[in-house]
Amino acid sequence: MDYRSPTSVATHTSETLRVAQQNRVLRNTYMLLALSLLPAIAGAWAGSMLNFVALYMRAPIAAPLLTIAVIIGAFFVVNLLRNSVWGIVALFVFTFIAGMMTTPILTYSAGFSNGAVLVALAAGMTATIFFVLASIASVSTRDFSFLGKFLFAGVILLLIAIVANLFFAIPALSLAISCVAVLIFSAYILYDVNRIVRGGETNYIMATLCLFVNIWILFTHLLNILLAFAGERD
């Protein structure tokens, strides 16, 4: 016989439903994240076919600034459409654009004899970091929401440093920016997955967008670091 009070039963049922919904959001997020990588790969291919890197060579300051503006604008479009099926379409457009924006560093990598190996290594390191931190965020009983304000402030400072280095073009500063970016967006993976698990993010489109941005930026900056330290010229 069940001696639990109606209140206890209702509380237990509510908690079960809450956990089930959080698991559903996380599952849908991972599925959509895997699908979102396909437009990103297509975007990188399209960028190379269209010689997208030539734009950066002709306008080394204006092109990156335009890139930042387009990415921020696309982010807000996805956020605006997040509650409709068009949100998924906007997400795939966003990841396609992000893939195109990856063309310059991939083209730069091709100038190294071990460039393809370093690209694969950066991808493997990104996947490993994501798997480890996502696993920690999923099983940990600790709430990582306290990281939010610090990470946001770090991103603002990082953007300022990136814009400043467009004008000064200091290799050491570029490397420092990449090192900081790896730390910040690794922490963002921990923060975002933990937020999904704890019910802080219930929209799987926005959850996917945040995780994709973390992975994309993490990959590009890891690749930049690897090229700086392990790149071998022909």
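Given the structure is predicted, the values throughout are model-derived calculations rather than measurements.
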Heavy-atom side-chain proximity of [X] to [Y] below 4.5 angstrom:
{"X": "L106", "Y": "L223", "result": "yes"}
{"X": "E201", "Y": "N203", "result": "yes"}
{"X": "M125", "Y": "L226", "result": "yes"}
{"X": "M101", "Y": "T220", "result": "no"}
{"X": "Y56", "Y": "T107", "result": "no"}
{"X": "L32", "Y": "F212", "result": "no"}
{"X": "I196", "Y": "L211", "result": "yes"}
{"X": "V70", "Y": "F94", "result": "no"}

Is [Y] reachable from [X] through a run of hydrophobic residues whose side-chain heavy atoms are each under 4.5 Å from the next?
{"X": "I162", "Y": "I160", "value": "yes"}
{"X": "L55", "Y": "V53", "value": "no"}
{"X": "L38", "Y": "M31", "value": "no"}
{"X": "L66", "Y": "F96", "value": "yes"}
{"X": "L121", "Y": "L37", "value": "yes"}

Please give me the minimum heavy-atom distance between [X] and [Y], naming the atom from each residue.
{"X": "V78", "Y": "G87", "answer": "CG1-O, 4.2 Å"}
{"X": "R198", "Y": "S140", "answer": "NH2-O, 4.4 Å"}
{"X": "V197", "Y": "A137", "answer": "CG2-O, 4.2 Å"}
{"X": "I205", "Y": "S84", "answer": "CD1-O, 3.8 Å"}
{"X": "L190", "Y": "L133", "answer": "CD1-O, 3.5 Å"}
{"X": "T103", "Y": "G43", "answer": "OG1-O, 4.3 Å"}

Expected output: side-chain [X] to main-chain [Y] donor-acceptor under 3.5 Å:
{"X": "N165", "Y": "I170", "answer": "yes"}
{"X": "S36", "Y": "T95", "answer": "no"}
{"X": "T102", "Y": "A44", "answer": "no"}
{"X": "N114", "Y": "V117", "answer": "no"}

For the atom pair [atom1] ([X]) and [atom2] ([Y]), what is the distance rounded to the nearest 0.5 Å?
{"X": "F130", "Y": "T126", "atom1": "CZ", "atom2": "OG1", "value": "11.0 Å"}
{"X": "I189", "Y": "S135", "atom1": "CD1", "atom2": "OG", "value": "11.0 Å"}
{"X": "H221", "Y": "W216", "atom1": "NE2", "atom2": "CH2", "value": "8.5 Å"}
{"X": "R195", "Y": "L147", "atom1": "CZ", "atom2": "CG", "value": "12.0 Å"}
{"X": "L166", "Y": "L65", "atom1": "CG", "atom2": "CG", "value": "5.5 Å"}
{"X": "L222", "Y": "T128", "atom1": "CG", "atom2": "OG1", "value": "10.0 Å"}

Which residues pass the ring pair (Phe, Tyr, Trp, His ring centres under 6.0 Å) test with Y108, not counting sequence neighbours? F112

For side chain to side chain contact (heavy atoms under 4.5 Å, CB included), just list the numbers for L158 and F185, CA-CA rounded to whole Å, side-chain angles, deciding distance to a tenth of an Å, and then say yes or no. CA-CA 11 Å; L158 193 65; F185 287 95; 3.9 Å; yes

Answer yes or no: does atom CZ of F76 have more than 12 heavy-atom neighbours from other residues, nucleotides or ligands under 6.0 Å? no

Residue Y204 excluded, over 12 heavy atoms near OH under 6.0 Å: no

List the steps, then state whether side chain to side chain contact (heavy atoms under 4.5 Å, CB included) holds for L209 with R82. CA-CA 10 Å; L209 177 62; R82 67 186 182 278; over 6 Å; no

Would S174 and N224 count as a side chain to side chain contact (heavy atoms under 4.5 Å, CB included) if you check the C-alpha gap in whole Å, the side-chain angles of each, and the deciding distance to 0.1 Å? CA-CA 9 Å; S174 176; N224 189 44; 3.6 Å; yes

Salt bridge (charged side-chain N to carboxylate O under 4.0 Å, His left out) contacts in which one or both residues fall within residues 28-37, not counting sequence neighbours: none

Taking only residues at least two apart or on different chains, which pairs with a member in residues 215-227 satisfy salt bridge (charged side-chain N to carboxylate O under 4.0 Å, His left out)? none

Assign the ring pair Y188 / Y191 to parallel, tilted or perpendicular, where the plane angle (0 to 90°) is split at 30° and 60°. perpendicular

Kindly determine whether L33 and I215 satisfy side chain to side chain contact (heavy atoms under 4.5 Å, CB included), including the steps that lead there. CA-CA 10 Å; L33 181 62; I215 291 171; 3.8 Å; yes

